[in-house]
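Accompanying notes for the structure given below.
Please read these numbers as outputs of a predicted model, since none were measured by experiment. Every number for a ligand or one of its atoms is a count from 1 in the order of the listing.
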Amino acid sequence: MAFKELVFSGVQPTGNLHLGNYLGAITRFVALQARYDCIYCVVDMHAITVWQDPAELPKNTREVTAAFLACGIDPKRNIVFNQSQVAEHAELAWVFNCVARMGWLNRMTQFKEKAGKDRENASVGLYAYPTLMAADILAYRATHVPVGEDQKQHLELTRDIAQKFNNDFAVSIRDHGHGDVFFPLTEPLISGPATRVMSLRDGTKKMSKSDPSDYSRINLTDDADTIAQKIRKAKTDPEPLPSEPAGLKKRPEAENLLGIYAALADSTEEQALKQFAGAQFSTFKTALVDLAVAKLEPVAAEMKRLSADPGHVDEVLADGGARAQAIAAETMKAVKDIVGFVRR
Ligand code: AQP
């Protein structure tokens, strides 16, 4: 069965939105608008899988929304909303909890990393995170999901859930007139030079919101001076920059900064290396500061302007929530029929 092409993706409102989220996710969301209908979600239900201060969560939800808008996502042409406004995500996630197997979830590396050694004390929600993510995507029967490299495994699990649901309920899907398959096997969209932006302090660690060092990341709300200071202090090695990508092997910090430059300049690693072959890091970092400030300063300014008008941001979320729910409710009605739930 051919599914209507649709993009879905989400960002957690867990504070400290950073350059990794910007390059790995949000700038891609913006670019995809030209080709697809898109649904972009602030996934606040995912956020509470680890403790969130109730006084901070609404602020962070509005901040991610402001970042979407400031980067150029059009909430009229597309749908922008926060997850908890559409109860169907949780409803479908329950069905998927009964489709997914324990063995599948036990393999998820994000849970292992986030739960760490204190696994007994992790929330059940953190363990079940991937089934909610599958529900986010499949409530809209989305065909494409732009994500960073770190989410690839969860996307594969979403495909496994869709496939098992389609197989387990094949007869019922046909009997209820939904063709041969009900859910698409969603494609991840992971490409470009910054699908995994690394920490500025350690080129082997992902740039992350929860890193205790603010110098490990560039936040989207950082001002020009802070961006400059963080880039100047970023870890490097003593060698000059090479002329070929092969010369970046075993130089994770150099590779990371080059990748960031290429992504911000909308070019490739090869092109960036041509420009800086043989240069010292001091020269390269000056160029990187100028580029990062030129790209990020307008985003921060627009986010600040939008933050001063939370009423407008809330309207965007409410309007998006209503439009998202109209689609998700249709999916959920069909899922209830397929599973065999008696409904009104
Ligand atoms: N470092 C990164 N490089 C490229 N893409 C990244 N993403 C996150 N970090 C990087 C992508 O951003 C989108 C939204 O991420 P998220 O907020 O839903 O979750 P996350 O991956 O847990 O974010 P963090 O910053 O890494 O948070 P913590 O510190 O809690 O682990 C996703 O598409 C993600 O791939």
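Contacts between Val50 and ligand 1, counted as non-hydrogen atom pairs separated by less than 4.0 Å, are absent for every part of the residue. Contacts between Lys209 and ligand 1 below 4.0 angstrom, taking non-hydrogen atoms only, involve backbone and side chain alike. Residue Asp150 touches ligand 1 through its side chain alone, judged by heavy-atom distances below 4.0 Å. Of the heavy atoms in His46, none comes closer than 4.0 Å to ligand 1.
Across every non-hydrogen atom of Gln12 and Lys209, the tightest pair is O-NZ, 3.2 Å.
Within the 3.5 Å criterion, the main-chain N or O of His154 finds a donor-acceptor partner in the side chain of Thr158. Under the 3.5 Å distance criterion, the side-chain polar atoms of Ser216 are left unmatched by any main-chain donor or acceptor of Arg201. Side-chain atoms of Glu255 do not come within 3.5 Å of backbone N or O of Gly247 as any donor-acceptor pair. No donor-acceptor pair under 3.5 Å is formed between the side chain of Asn219 and the backbone N or O of Thr221. Although no hydrogens or angles enter the test, the distance criterion places no donor-acceptor pair under 3.5 Å between the side chain of Arg343 and the main chain of Gly340. With hydrogens and angles disregarded, no donor-acceptor distance shorter than 3.5 Å links the side chain of Thr283 to the backbone of Ala279.
At a 3.5 angstrom cut-off on N or O pairs, Tyr129 does not count as close to ligand 1. Every N/O-N/O distance between Ala194 and ligand 1 stays at or above 3.5 Å. Among the atoms of Pro146, none of the N or O lies under 3.5 angstrom from an N or O of ligand 1. Looking at Gln12 next to ligand 1, an N or O pair under 3.5 Å apart turns up. Inclusion of Ala25 in the set of residues having an N or O under 3.5 Å from an N or O of ligand 1 is not warranted. Considering backbone and side-chain atoms alike, Val43 places every N or O at 3.5 Å or more from each N or O of ligand 1. Considering backbone and side-chain N/O of Lys114, one or more are found under 3.5 Å from N/O of ligand 1.
Residue contact check: Gln151 has heavy atoms under 4.0 Å from atoms 21 (O), 35 (O) of ligand 1.
Distances shorter than 4.0 angstrom occur between a heavy atom of His18 and an atom of ligand 1. Ligand 1 lies nowhere less than 4.0 angstrom from a heavy atom belonging to Thr14. Residue contact annotation: Glu149 has no non-hydrogen atom under 4.0 Å from ligand 1.
The aromatic ring centres of Phe8 and His144 sit 6.0 Å or more apart.
When hydrogens are left out, the protein atom nearest atom 12 (O) of ligand 1 is Asn21 ND2, 3.2 Å; that is the closest non-hydrogen contact.
The existence of a salt bridge linking Arg174 and Asp180 is confirmed by a sub-4.0 Å separation between a basic side-chain nitrogen and an acidic carboxylate oxygen. A salt bridge links Lys4 with Asp37: the distance from a Lys NZ or Arg NE/NH1/NH2 to an Asp or Glu carboxylate oxygen falls below 4.0 Å.
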